[in-house]
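A short worksheet on the structure shown next.
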Amino acid sequence: MRMEKAYDSKEVEDKIYNFWEKSGFFNPDKLPRKNDLRSKKKTYTIVIPPPNITGSLHMGHALNAIVQDILIRKKRMEGYKTLWLPGTDHAGIATQNVIEKELKKEGKTRFDLGKEKFIERVWQWKEKYGNTILNQFKKIGASCDWSRIKFTMDKDYSQAVKTAFLHYYERGWIYQGERVINWCPRCQTSLSDLELEYKEKKGHLWYIKYPLVKNSKLPARHSPALEALAGGQTTNYIVVATTRPETMLGDTAVAVNPHDGRYKNLVGKKVILPLVNKTIPIIADRLIDIKFGTGVLKVTPGHDLVDYEIAQRHNLEMIKIIGEDGKITKNAPIQYQNLKTSEAQEKIVEDLKKINLLEKIEEYTHKVPYCYRCNSRIESIPSRQWFLKMERLAKIAEGIVKKGKIKFYPKRFEKGYFDWLKNIRDWCISRQIWWGHQLPIWYCENSEQKIKNTTSKMGFAGDVVPQVFDNKTRTYRLRDHGLKIGNKVAFENSITGEIFGTATITEVQKTTVGRIDLKDKKHWKTYNRLEELIAAFKRHYPEKEINTNTSAWIYTYKFDASCPSIVNEYPPKKCSTCGCKKLKQAKDVLDTWFSAALWPFAVFGWPLKKNDLERFYPTDVLSTARDIINLWVARMIFSGMELMEKIPFKVVYIHPTVLTKEGKRMSKSLGTGTDPLELIEKYGADATRFGIAYQIGKNQDIRFTEENIIMGKKFCNKLWNAARFVLMNKPGWIDADFSGFTRIKNLMPADKKILKTLNKTIKAVNKNLENFEFGKAAQTLYHFFWHEFCDIYIEKSKKQLQTTNSKLQTTKILLYVLLTSLKLFHPFIPFITEEIYQNLPIKNKKTCLMIKNWPI
RNA sequence: GCGCGUAUAGCUCAGUGGCAGAGCGUCCGCUUCACAUGCGGAAGGUCGUUGGUUCAAAUCCAACUACGCGCACCA
């Protein structure tokens with residue numbers, strides 16, 4: 001084969017990739033089992049972070065593909081049975097949004113199509129475009145085993161998802177509950193805490209006067225007296241500062257810090273909630289920041305997570321005034337109902353001005369949550385969702401990294417991981433979208449109706465403080481009955497004693513009351529129902545004397561008063577509570593990240609198939625971007641530990657982020673992105689790989705410049721021409737893995753030097769790659785090859801080649817250094833090295849450079 | 001608010017307790033038979049600021065400044 005003067009990537013790359021695919025060596029089962037090293041060594045596995053089916057290759061993917069391919073190719077050459085398993089993620093919300101956008105162009109919504117047709121359409125889309133991104137991976141030379149390709153909605157993968165769900169459910173870690181959650185009004189679904197993006201927004205801080213109630217005999221609701229006071233006919237008020245005045249419609253208290261001297265004597269008194277005209281209490285809570293605003297917080301339990309927490313402690317009512325559609329609900333005064341939150345804000349501010357209750361407005365910049373998929377403003381709203389308890393899982397995930405069983409590179413990323421796990425909240429895993437894994441839960445259709453009709457008559461033996469949250473969930477305070485999640489309880493009519501319904505406990509909370517001191521009035525503020533509590537304790541423990549040393553606690557049970565839902569892999573035949581056959585599956589689907597968390601073992605067929613799982617799990621390295629450490633990596637770790645009882649991977653490599661030259665985020669919508677496919681087209685895959693790898697350092701983000709790729713291209717040409725020079729001198733045929741120059745005695749000084757430098761380079765490159773220092777490895781190799789080999793040795797060799805007694809030796813050394821360099825360069829620039837290798841005069845060359853022995 | 005990272009030539013970045021480096025760009029000179037995607041040469045830097053440790057600091061330490069990122073109970 002004739003080698004052209006200049007290297008042409010276009011002529012080589014597709015040809016070589018096909019050659020590799022045909023060889024079958026991407027598949028570990030087809031790797032030759034032979035010689036020395038290979039038989040002893042085992043498997044080396046990387047599972048790809050599955051890109052979304054909606055994605056197309058961007059610089060982040062490209063960089064990560066390069067990293068993974070370098071690792072895999074090196075290990076393959078070292079003789080490991082290497083598996084790089086490719087696949088894609090169904091990406092629930094992201095994909096659904098893409099199809100919804102398509103429909104919008106046709107003037108339709110997903111509701112026009114209906115769920116079934118819509119899902120069908122997503123599948124069609126997936127068949128057509130779903131593998132686009134993986135084909136782009138081929139373009140940069142990714143040596144994935146395409147015969148093992150996986151999709152997170154494959155049939156066996158769905159089985160894994162169900163099994164995992166059931167496992168957690170049986171552990172008692174999955175529960176349903178009414179909570180304040182993050183809601184995207186556009187996507188019409190709940191989101192987990194990690195699926196938000198906070199953006200800095202200029203806004204206002206409104207200072208609103210809440211008039212104080214002096215006369216405690218005033219009625220609690222709507223009365224002329226209240227309206228008069230609320231209308232400004234008072235000089236006594238407390239001022240709250242808020243960024244969202246519209247949420248005041250759902251206020252059920254105002255709160256101050258217990259140590260705030262300014263308000264100490266107001267705690268326990270009441271204020272009038274303007275515009276709504278009802279009285280709400282002033283409470284004390286440690287969460288209140290004395291320094292913020294006026295030091296007074298309006299408590300809106302339904303629409304703020306912090307307020308919700310405070311409300312839990314103080315037993316406050318929760319009013320839902322913003323609905324799923326992002327509009328004000330009918331729980332608010334009529335004049336605000338159905339307004340969008342922004343409209344309501346405007347009107348409320350105006351109305352407050354009219355009655356002179358708006359003290360002042362300040363400019364204020366704060367961070368506002370947006371949906372990470374559609375960029376809509378997120379609302380906090382109370383909603384009934386499914387949650388996964390994180391307490392135990394977080395401990396597991398924390399422990400295994402603390403113990404060093406899983407290592408992060410660079411190590412500093414462990415900190416964010418630990419911080420998240422330490423402050424974790426339960427994971428909201430249900431989503432109200434259509435595309436995804438439906439919850440394996442079935443409901444009895446009758447139950448809701450049945451319970452509704454009997455609500456008013458309900459009582460419960462032993463109840464103390466019943467609180468109705470909504471029609472379905474009730475919270476009762478009971479003495480400790482020893483009840484646990486999943487236990488059934490019976491409803492009885494408190495007058496007749498007739499039992500008319502059953503329910504299942506969905507949540508148990510223990511609250512320590514501490515010492516009850518009847519004389520100490522402090523407790524009256526903290527536990528505003530103390531009187532009732534004491535009475536209750538006396539009722540339940542008549543034999544006990546309640547005195548200043550009494551310690552007690554309260555259990556709060558939440559339970560579902562409908563027929564309990566059935567969690568099962570397959571649809572059950574009948575309701576196990578009422579026996580009826582009208583069962584329907586829960587509509588909600590699981591968070592995409594719930595299924596993604598199973599990736600490292602579900603890809604191998606868990607829980608049904610064992611073969612691959614036993615060979616390739618745990619995987620060796622997970623290489624991924626830093627922004628999904630908690631969203632994905634942490635969840636894989638606890639899923640692996642809990643479900644497989646083994647770590648999912650030994651090492652987490654967090655790769656650098658590719659930024660623009662100006663240090664800005666690469667973004668398609670901002671037009672600041674660079675398309676790696678264009679680079680490949682322009683400079684070749686090897687040049688692109690080398691240029692990027694050259695810049696991968698330990699700490700740095702990469703400010704991308706095309707100049708680096710140009711350098712890569714120039715280097716490829718240098719390599720190409722060095723090879724041409726070596727071959728020009730007709731070195732004669734050699735063995736594929738020849739070595740042993742160290743034993744030859746009559747070496748020239750230049751010979752000795754280049755061989756010595758080569759050995760040093762090999763050591764350095766091996767060390768660098770073990771430490772994920774791809775940039776250093778590339779730089780070392782570059783320097784060696786260009787400046788030591790080409791500039792010095794090749795130049796010297798020109799003279800040596802003219803002397804007969806050193807000619808043979810020199811041609812061999814030239815070839816040896818070239819061959820060894822090709823091996824060292826192969827993981828970085830696989831195409832050109834393979835192409836040159838195929839041109840070398842090597843005896844018995846039946847195969848490819850890709851599986852040649854790695855230099856050690 | 002807390003935490004992390006970065007700051008070195010015009011640009012992108014290496015670097016090390018002991019003479020300041022590469023690639024690209026710029027300027028000058030070379031078609032010499034591997035390569036003009038090349039070769040030879042040159043210009044260009046108070047190594048973010050201020051202190052400290054040291055015989056010696058761009059390097060270690062502290063504070064500060066700027067930029068980037070993450071987290072927070074961001075009202």
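Letters A, B, ... are given to chains in the order of the sequence lines, protein chains preceding strands, and every chain is numbered from 1.
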- Expected string for nucleotides 70-75 of chain B under the B/S/- scheme (protein heavy atoms, under 4.0 Å, primed atoms plus P, OP1, OP2 as sugar-phosphate) is -BBBBB

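Neither OP1 nor OP2 of B:G38 sits under 4.0 Å from any side-chain N or O of A:Trp720. Listed pair A:Lys415 / B:G5 fails the phosphate criterion, with no side-chain N or O lying under 4.0 Å from OP1 or OP2. For B:G10, the OP1/OP2 oxygens have no side-chain nitrogen or oxygen of A:Lys661 closer than 4.0 Å. Between A:Arg703 and B:U12 there is a side-chain polar atom (N or O) within less than 4.0 angstrom of OP1 or OP2.
Listed by chain and residue number, nothing satisfies the side-chain hydrogen bond (donor to acceptor under 3.5 Å, both in side chains) test with A:Tyr7 (two or more places apart in sequence, or in another chain).
Note: A:His787 and A:Tyr782 have perpendicular aromatic rings, judged against thresholds of 30 and 60 degrees for the angle between ring planes. The aromatic rings of A:Phe772 and A:Tyr409 lie tilted to each other, with the angle between the two planes from 30° to 60°. The aromatic rings of A:Tyr653 and A:His655 lie tilted to each other, with the angle between the two planes from 30° to 60°. Relative orientation of the A:Tyr417 and A:Phe408 rings is tilted, given thresholds of 30° and 60° on the angle between their planes.
Atoms NZ (A:Lys411) and P (B:G3) sit 19 Å apart, rounded to a whole Å. Atom CD in A:Glu200 sits about 12 Å away from atom P in B:G1, given to the nearest Å. Rounded to a whole Å, the CG atom of A:Asn717 is 11 Å from the P atom of B:C39. At whole-Å resolution of the value, CZ in A:Phe725 and C1' in B:C39 are 15 Å apart. Distance A:Lys713 NZ to B:C35 P: 17 Å, rounded to the nearest Å. Rounded to whole angstrom, the span from the CD1 atom of A:Ile710 across to the C1' atom of B:C11 amounts to 12 Å. For the pair A:Phe413 CZ and B:C4 C1', the computed distance is 9 Å after rounding to whole Å. A:Asp701 has its CG atom 7 Å from the C1' atom of B:G68, to the nearest Å.
In RNA chain B, the stems built from three or more successive Watson-Crick or G-U pairs (distances below 3.5 Å) are B:1-7 with B:65-71, B:10-13 with B:21-24, B:26-30 with B:38-42, B:48-52 with B:60-64.
Residue A:Cys790 is classed as a base contact, given a heavy-atom separation below 4.0 Å to a base. Note on A:Ile794: a base of the nucleic acid sits closer than 4.0 angstrom, heavy atoms only.
Comparing the P positions of B:C67 and B:C55 gives an interatomic distance of 38 Å, to the nearest angstrom. Remark: the separation of the P atoms in B:A7 and B:G48 is 8 Å, to the nearest Å. Remark: the separation of the P atoms in B:G70 and B:A20 is 39 Å, to the nearest Å. Between B:G23 and B:G41, the distance separating the two P atoms is 12 Å to the nearest Å. One P atom belongs to B:A57, the other to B:G52, and the distance between them is 12 Å to the nearest Å. Comparing the P positions of B:C61 and B:G18 gives an interatomic distance of 15 Å, to the nearest angstrom.
With hydrogens and angles ignored, the 3.5 Å screen pairs a side-chain donor or acceptor of A:Arg689 with a backbone N or O of A:Phe828. Proximity of a side-chain donor or acceptor of A:Asn423 to a complementary backbone N or O of A:Asp419 within less than 3.5 Å is detected. Although no hydrogens or angles enter the test, the distance criterion places no donor-acceptor pair under 3.5 Å between the side chain of A:Asn768 and the main chain of A:Phe774.
If you find the closest nucleotide of RNA chain B to A:His787 and to A:Thr705, the one lying nearer the 5' end belongs to A:Thr705. When each of A:Trp786 and A:Gln779 is assigned the nucleotide of RNA chain B with its nearest heavy atom, A:Gln779 is the one assigned upstream, toward the 5' end.
Between the side chains of A:Glu197 and A:Tyr372, not a single donor N or O lies within less than 3.5 Å of an accepting N or O. Looking at A:Lys298 and A:Thr300, their side chains do bring a donor and an acceptor atom within 3.5 Å of each other.
Contact of A:Glu795 with B:A34 (side chain to base): a donor-acceptor pair of N or O atoms is detected under 3.5 Å.
Ion pairing of A:Lys682 with A:Glu706 is present here, as a side-chain N (NZ or NE/NH1/NH2) and a carboxylate O approach within less than 4.0 Å.
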